[in-house]
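In listed order, ligands and their atoms are each counted from 1.
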Amino acid sequence: MRPARFELHRPTSLEDALAFKAVYADEATFHAGGTELLVALKARVLHYEHVIDLKQVPELRSIHTREDGTLVIGALSSHHTIARDPLVCRLLPGYAELSDNVANIRVRVAGTLGGVLCFAEPHADAPTMLCALDARMVLASPERTRTVPSREFHLSEFTTAREENEILVAIEVPPQSGGTRSAYRCFGHTERPAVGVAAVWSSDGPKRLSLWTGAITSTPQRLSATEDAANALKPDLTFQEVWTRLAPVLAAEAASIEAHDDLHGGADYKRHLVSVLAQRAMEACW
Ligand SMILES: Cc1cc2nc3c(=O)[nH]c(=O)nc-3n(C[C@H](O)[C@H](O)[C@H](O)COP(=O)(O)OP(=O)(O)OC[C@H]3O[C@@H](n4cnc5c(N)ncnc54)[C@H](O)[C@@H]3O)c2cc1C
């Protein structure tokens, strides 16, 4: 089916994009790569009189670091661009690898990081990893620019902390210490993940493991009991010794996740996947 008619606007600055939205309000939406939006418009699940294409807004494209080492990824960066970006590959190889495995090449080239975050379909990879990395979302409206922690950005399925008139400008990932490693592992029978687990493990500093799971629930979920157990361990253990201690804690924590049977798998099967994928992600960090 074709989408209902709409007027396409192609602003060339962030200011103009926000101004279009201010004028057309609820009758307008933003378009980035269109991989989710166009499907919904064609199926007539969504309808807008005005579509504001963000592709020519340069402020949304840059990938760079700040002086303090914060990595800034423009919201319009495609998964493909992120996977090949030299800075991301050097500073966050685990995240580059995640981006390289999203969906298929067509979705990776067209689909953007901002799009997957704002659409908030739970079966996605990036939100889980960004929570484990304690990233921040930079949101701009005509009145102000504000920052929301990634851990507070996704509120439920298809719902985020982004206000209707705000554009997600960039994602900021705080600098990781030299001894920090991150990895993401996921599994699914469809193109989207049924379950994903992200681990960020540092061998220096007081806090050592950040462990999150996603796709199994409507928003990413912290595996805090396993984190606490890991952070209480002596630093000189082998991975096998660490895993022997963490496995029962993780299994109990995974068993308590409020999962549901759906097309991606049975609830118990997906809870089991959390343990398997967490072990693999942690071992990859090790
Ligand atoms: C077949 C298929 C398989 C997929 N598999 C995976 C997978 O394995 N893993 C995974 O993580 N994801 C997967 N996805 C999701 C994919 O990552 C997203 O479709 C893509 O990143 C969305 O980006 P987009 O630029 O196309 O968003 P669009 O479709 O352009 O926009 C999506 C929504 O976000 C809003 N939006 C977009 N950018 C902004 C912004 N900067 N500020 C404010 N609002 C904005 C739009 O208004 C719209 O509501 C899959 C998608 C498809 C279609």
Point-to-point distance, once rounded to the nearest 0.5 Å, from CG of N101 to CZ of R185: 9.0 Å
Is a donor on one side and an acceptor on the other found under 3.5 Å between the side chain of E241 and the backbone of T238? yes
Suppose we measure from atom 34 (O) of ligand 1 to each protein heavy atom; which comes out shortest, and what is that distance? C118 CB, 3.5 Å
Test of proximity, A75 against ligand 1: N or O pairs below 3.5 Å: no
Polar atom proximity, A124 to ligand 1 (N or O, under 3.5 Å): no
Is the closest N or O pair between L37 and ligand 1 shorter than 3.5 Å? yes
Heavy-atom contact under 4.0 Å between H79 and ligand 1? yes
What protein heavy atom is closest to atom 16 (C) of ligand 1, reported as residue, atom name and distance in Å? V107 CG1, 3.8 Å
Under a 4.0 Å threshold between the charged nitrogen and the carboxylate oxygen, would R84 count as salt-bridged to D100? yes
Nearest heavy atoms of T219 and H154, plus distance in Å: CG2-O, 3.4 Å
For ligand 1, which is the ligand I care about here, please tell me if T112 has any N or O atom under 3.5 Å from one of the ligand's N or O atoms. yes
Indicate the ring-plane relationship of F187 and Y269, choosing parallel, tilted or perpendicular according to the 30° and 60° boundaries. perpendicular
Using the test salt bridge (Lys or Arg N to Asp or Glu O under 4.0 Å), find all partners of E253 that sit at least two apart in sequence or belong to another chain. none
Between F239 and W201, what is the ring plane arrangement, given parallel below 30°, perpendicular above 60°, and tilted in between? perpendicular
So which heavy atom in the protein is nearest atom 26 (O) of ligand 1, and how far is it from that ligand atom? T35 OG1, 2.6 Å
With respect to atom 38 (N) of ligand 1, which of A32, A17, S77, G33 exhibits the smallest heavy-atom separation? A32
Considering heavy atoms of the protein only, find what lies nearest to atom 14 (N) of ligand 1 and give residue, atom and distance to 0.1 Å. R192 NH1, 3.8 Å
Under 3.5 Å between some N or O of ligand 1 and some N or O of P193? no
Assess whether a salt bridge exists between D236 and K234, defined as any Lys/Arg side-chain N lying under 4.0 Å from an Asp/Glu carboxylate O. no
What residue and atom, counting heavy atoms only, is the protein's closest point to atom 9 (N) of ligand 1, and at what distance? D125 OD2, 2.7 Å
Any idea which part of N101 is under 4.0 Å from ligand 1, heavy-atom wise: side chain, backbone, both or neither? neither
What protein heavy atom sits nearest atom 47 (O) of ligand 1, and how far off is it? F30 O, 2.5 Å
When you check the gap from the basic side-chain N to the acidic O, do E191 and R106 get nearer than 4.0 Å? no
Show which atoms of ligand 1 fall inside a sub-4.0 Å distance from at least one heavy-atom site of A103. 3 (C), 4 (C), 5 (N), 6 (C), 7 (C), 8 (O)
So, 4.0 Å and heavy atoms of R162: is ligand 1 close enough to count as a contact? yes
The closest protein heavy-atom partner of atom 33 (C) of ligand 1 is F119 CD1, 3.7 Å
Atom 12 (N) of ligand 1 - nearest protein heavy atom and its distance: V102 CG1, 3.8 Å
Looking at E166 and K21, does any basic side-chain N land under 4.0 Å from a carboxylate oxygen? no
Ignoring hydrogens and angles, tell me if any N or O in the side chain of R162 forms a donor-acceptor pair with the backbone of L139 under 3.5 Å. no
Hey, which atoms in ligand 1 end up nearer than 4.0 Å to a heavy atom of E36? 15 (C), 18 (C), 19 (O), 22 (C), 29 (O)
When you compare ligand 1 with T29, is there at least one nitrogen or oxygen pair between them that comes in under 3.5 angstrom? yes
Which residues end up grouped with L8 if you chain together Ile, Leu, Val, Met, Phe, Trp and Tyr wherever their side-chain heavy atoms are less than 4.5 Å apart? F6, L37, L38, L41, L46, Y48, V51
